[in-house]
**Student:** 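Before I ask anything, let me first share the structure, which is written out below as structure tokens.
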Amino acid sequence: MAKVYLGLGTNMGDKEANLRTAVRLINDRIGKVTSLSSFYRTAPWGFVSDNDFLNAAACSETLLDPLEVLHLTQAIEKEMGRTAKSVERMYSDRPIDIDLLMYDDTVMQTPELTLPHPLMGERSFVMDPLAEIAGEMVHPVSGLTMEEMRKRLAQFI
């Protein structure tokens, strides 16, 4: 059984309902959600929008491999109304965004998926909720805990 850590975000519609629906679908399709952070209201990152985000982090225990998790999260996004993924750091409003942040201590890079998520350490909207639920977890590349990464990021904001 692997632990997969997911970043969740929404800035369209009923944001809290969107997050709760995504968590329910993750629990049903990927594996039991064992922890869920508080919901964090944040400004858009990487683009301009009048809509603030609601973000969270979740941990799910799964028997699926990382690519299977990725494909299922993408299917959940599509089912919930997401029409386009971000490409080359071009971001837009979205009803739901589910990012695969970490899969146990797996390090991998394929054309489809990079683990751990390469931008997680640059994003307080990821690190704040992730550190809440997994503060002592060690990043397999940096060797820092999620709490240490969160604190480093906070110094630059």
Side-chain angles (χ1 to χ4, degrees), residues 1-87 89-104 106 112-137 139 145-147 149-151 153-154 157:
M1 188 80 60
K3 286 188 177 185
V4 59
Y5 292 88
L6 303 165
L8 311 171
T10 175
N11 78 331
M12 295 175 68
D14 184 336
K15 297 169 193 172
E16 188 169 331
N18 289 348
L19 291 181
R20 294 200 184 284
T21 297
V23 169
R24 180 180 49 79
L25 293 172
I26 289 164
N27 190 76
D28 292 348
R29 298 177 188 176
I30 294 171
K32 180 180 170 83
V33 174
T34 57
S35 56
L36 176 65
S37 73
S38 303
F39 294 170
Y40 292 75
R41 187 162 306 281
T42 62
W45 185 92
F47 73 104
V48 176
S49 175
D50 292 334
N51 303 316
D52 282 345
F53 275 81
L54 202 58
N55 293 97
C59 177
S60 175
E61 292 182 342
T62 188
L63 295 172
L64 304 173
D65 70 42
L67 286 174
E68 290 172 318
V69 172
L70 176 67
H71 296 151
L72 285 170
T73 60
Q74 290 172 337
I76 290 168
E77 288 175 332
K78 186 174 182 180
E79 182 178 326
M80 291 183 64
R82 177 113 188 231
T83 56
K85 273 303 258 184
S86 305
V87 177
R89 296 192 185 201
M90 298 297 294
Y91 303 102
S92 62
D93 291 325
R94 62 209 76 158
I96 194 67
D97 182 41
I98 306 171
D99 286 332
L100 178 46
L101 303 174
M102 295 184 62
Y103 182 99
D104 280 338
T106 299
E112 202 172 5
L113 178 63
T114 300
L115 288 172
H117 192 291
L119 299 176
M120 63 187 273
E122 300 174 18
R123 299 170 168 179
S124 59
F125 65 86
V126 171
M127 294 311 303
D128 290 344
L130 185 57
E132 179 185 329
I133 65 169
E136 297 304 312
M137 183 178 62
H139 189 282
T145 67
M146 296 303 109
E147 181 60 23
M149 290 177 67
R150 185 199 67 76
K151 285 180 180 177
L153 182 60
I157 296 176

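If you read the sequence from its start, that first residue is 1, and numbering goes on from there. A quick note: this is a predicted structure, and the numbers were derived from the prediction, not measured.
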**Student:** Quick one: closest heavy-atom pair of Asn18 and Met12, and the distance?
**Tutor:** ND2-O, 2.7 Å
**Student:** Set out, in order, the CA-CA distance, both residues' side-chain angles and the distance that settles salt bridge (Lys or Arg N to Asp or Glu O under 4.0 Å) for Arg29 and Glu79, then state yes or no.
**Tutor:** CA-CA 13 Å; Arg29 298 177 188 176; Glu79 182 178 326; 2.7 Å; yes
**Student:** List the atom of Ala22, the atom of Ile98, and the distance in Å for their closest heavy-atom pair.
**Tutor:** CB-CD1, 4.4 Å
**Student:** Tell me whether Glu68 contacts the main-chain N or O of Asp65 through its side chain, where contact means a donor paired with an acceptor under 3.5 Å.
**Tutor:** yes
**Student:** Partners of Glu16 by salt bridge (charged side-chain N to carboxylate O under 4.0 Å, His left out), sequence neighbours excluded?
**Tutor:** Arg20
**Student:** With sequence neighbours left out, write down each residue that passes side chain to side chain donor-acceptor pair (under 3.5 Å) with Asp128, or none if nothing qualifies.
**Tutor:** none
**Student:** Identify the two heavy atoms, one from Leu153 and one from Arg123, that lie closest to each other, and give their separation to 0.1 Å.
**Tutor:** CD2-C, 3.3 Å
**Student:** Under the side chain to side chain contact (heavy atoms under 4.5 Å, CB included) test against Met146, which residue among Glu132, Lys151, Glu136, Met127 passes?
**Tutor:** Met127
**Student:** Going by the side chain to side chain contact (heavy atoms under 4.5 Å, CB included) test, name the single residue among Val69, Leu72, Leu6, Thr21 that passes it with Ile26.
**Tutor:** Leu6
**Student:** Examine distances only and state if a side-chain atom of Lys15 and a backbone atom of Asp52 form a donor-acceptor pair shorter than 3.5 Å.
**Tutor:** yes
**Student:** Can you give me every donor-acceptor pair (side chain of residues 54-61, partner residue at least two apart or in another chain, under 3.5 Å) with its distance?
**Tutor:**
unit_1: Asn55; atom_1: OD1; unit_2: Thr42; atom_2: OG1; d: 2.6
unit_1: Asn55; atom_1: ND2; unit_2: Leu8; atom_2: O; d: 3.3
unit_1: Ser60; atom_1: OG; unit_2: Gly31; atom_2: O; d: 2.7

**Student:** What pairs with Arg41 under salt bridge (charged side-chain N to carboxylate O under 4.0 Å, His left out), at least two apart in sequence or on another chain?
**Tutor:** none
**Student:** Closest heavy-atom contact between Val4 and Thr62?
**Tutor:** CG1-CG2, 4.1 Å
**Student:** Could you work out, with side chain to side chain donor-acceptor pair (under 3.5 Å) as the rule, every residue matching Thr34, not counting sequence neighbours?
**Tutor:** none
**Student:** What pairs with Glu147 under side chain to side chain donor-acceptor pair (under 3.5 Å), at least two apart in sequence or on another chain?
**Tutor:** Arg150
**Student:** Please name the pair of heavy atoms, one in Leu100 and one in Pro66, separated by the smallest distance, quoted to 0.1 Å.
**Tutor:** CD2-O, 3.6 Å
**Student:** Between Asp104 (side chain only) and Lys3 (backbone N and O only), is there a donor and an acceptor less than 3.5 Å apart?
**Tutor:** yes
